[in-house]
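To start, the structure under review is shown below, and the notes come after it.
These numbers were taken from a predicted model, which means no experiment stands behind them. One-based numbering, in listed order, for ligands and for the atoms of each. Count residues from 1 along the sequence.
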Amino acid sequence: MYDIPQIKILSGAPHSSIFKATSMLGIGRKTIHLIPCQENREAIDIERLTEFLVQNKSAPCIVVANAGTVNTVDFDDLVAIGQLKKHYRFWLHVDADFGGFAACSPIHRELVKGMDYADSITIDAHKWLNVPYDSAMQFTRHKQLQVEVFQNNAAYLGGSIENPDFFDLTPENSRRFRALPAWFTLKAYGKRGYQNLIEQNVELAKQLGNKINNSSHFKLLSPVRLNVVCFTLDKEVITTEMIKQFLAILNQKGKVFMTPTIYNGVPAIRAAFSNWRTAEKDLEIIWDALIASV
Ligand SMILES: Cc1ncc(COP(=O)(O)O)c(C=O)c1O
């Protein structure tokens with residue numbers, strides 16, 4: 001029996017898929033150590049992360065940083081985490097599935113400052129680029145390591161380690177041309193088109209956030225940083241059942257579709273803006289639907 005050192009995965013508010021991934025890898029969900037977040041935020045508390053790294057200096061660690069959490073699209077301080085790499089050894093993965101696209105806009109780019117410290121980054125084109133499922137992208141600084149893990153040598157395939165094909169870099173062997181729809185969007189809209197899409201959605205999310213903040217029916221639970229508005233009903237006691245009922249009425253109208261969540265222990269609602277066709281005029285439709293569902 002080999003004594004395999006127990007990997008420790010550290011994160012503030014990891015997406016549920018991180019837990020699933022550890023389970024699929026066979027290292028188990030218990031390898032995830034939740035580091036406390038800053039008060040009223042989903043961004044990791046850097047001091048608490050540092051403490052953990054100091055106490056576990058000899059353990060292999062992966063820090064899963066968030067560039068856009070699912071509830072409130074909060075961002076870890078990627079510069080501060082990147083600086084920690086100078087003193088502690090860990091792999092830095094940035095989950096930028098949603099928030100990575102902030103980089104397309106000079107107004108919002110600051111949110112992902114420090115993303116370039118990452119060893120690996122994931123971004124989903126099937127979210128904010130509006131392309132069909134499944135179109136995730138992964139970036140790595142360690143291509144050679146990726147080849148060592150995923151290489152699929154067979155004379156008939158004609159690949160080589162020096163010049164790896166996708167089947168030497170990913171879990172799948174046969175795969176369809178997933179990149180094509182994302183490539184089309186880039187050709188059709190370009191850098192400027194991506195920027196417009198991001199900025200338009202964020203502007204509308206902020207406007208809805210303001211409306212909610214000024215309303216007597218709803219309560220905004222977090223500042224709108226990017227494209228998600230996280231809010232709840234303005235009632236003394238809110239239960240998951242109340243949110244479920246509210247969303248059933250709202251979504252059944254077929255005008256908007258919002259999802260439930262729990263944020264800071266409070267049953268809540270997520271309104272995520274990501275469609276390229278959503279425009280200023282839709283805010284009125286959204287608002288009317290919300291009010292009619294109370
Ligand atoms: C921050 C974040 N990470 C990971 C995921 C998982 O993405 P997918 O369901 O496309 O695998 C999501 C999906 O909402 C997400 O928002």
Per-atom filter on ligand 1: closer than 4.0 angstrom to a heavy atom of His126 are 10 (O)
Inset, instruction - Check whether any heavy atom of Ala136 sits under 4.0 Å from an atom of ligand 1. - result: no
Can you say whether the rings of His33 and Phe52 are parallel (under 30°), tilted (30 to 60°) or perpendicular (over 60°)?
tilted
Discussion item. With nothing but distance in play, are any N or O atoms of Asp95 less than 3.5 Å from an N or O of ligand 1?
Written reply: yes
Item to complete: Is it possible for you to check whether Arg175 lies under 6.0 Å from the centre of the six-membered ring of Phe166, through NZ or CZ, and within 45° of that ring's axis?
Response: yes
Taking only non-hydrogen atoms of Val70 and a 4.0 Å limit, the atoms of ligand 1 in range are 16 (O)
For the 3.5 Å polar cut-off, considering only N or O atoms, please tell me whether Thr69 and ligand 1 meet it.
no
Donor-acceptor contact below 3.5 Å, side chain Asp95 vs main chain Asp97 | yes
In terms of hydrophobic clustering (I, L, V, M, F, W, Y; side-chain heavy atoms under 4.5 Å; direct or indirect links), are Ile18 and Met115 co-clustered?
-> no
heavy-atom search around atom 4 (C) of ligand 1 in the protein gives Asp97 OD2, 2.7 Å
For Asp124, the ligand 1 atoms with a heavy-atom partner under 4.0 Å come out as 7 (O), 8 (P), 10 (O)
Exercise. Return the orientation label for the Phe246 and Phe218 ring planes: parallel under 30°, perpendicular over 60°, tilted otherwise.
Key: perpendicular
- Query: Any luck finding a side-chain donor-acceptor pair between Gln144 and Glu148 under 3.5 Å?
  - Reply: no
One finds that the ligand 1 atoms under 4.0 Å from a non-hydrogen atom of Gly68 are 1 (C)
ask   = Taking the six-membered ring of Phe90, is the NZ or CZ of Lys85 close enough (under 6.0 Å from the centre) and on axis enough (within 45°)?
value = yes
of all protein heavy atoms, closest to atom 15 (C) of ligand 1 is His15 CD2, 3.3 Å
Residue, atom and distance of the protein heavy atom nearest atom 7 (O) of ligand 1 read Lys127 NZ, 2.9 Å
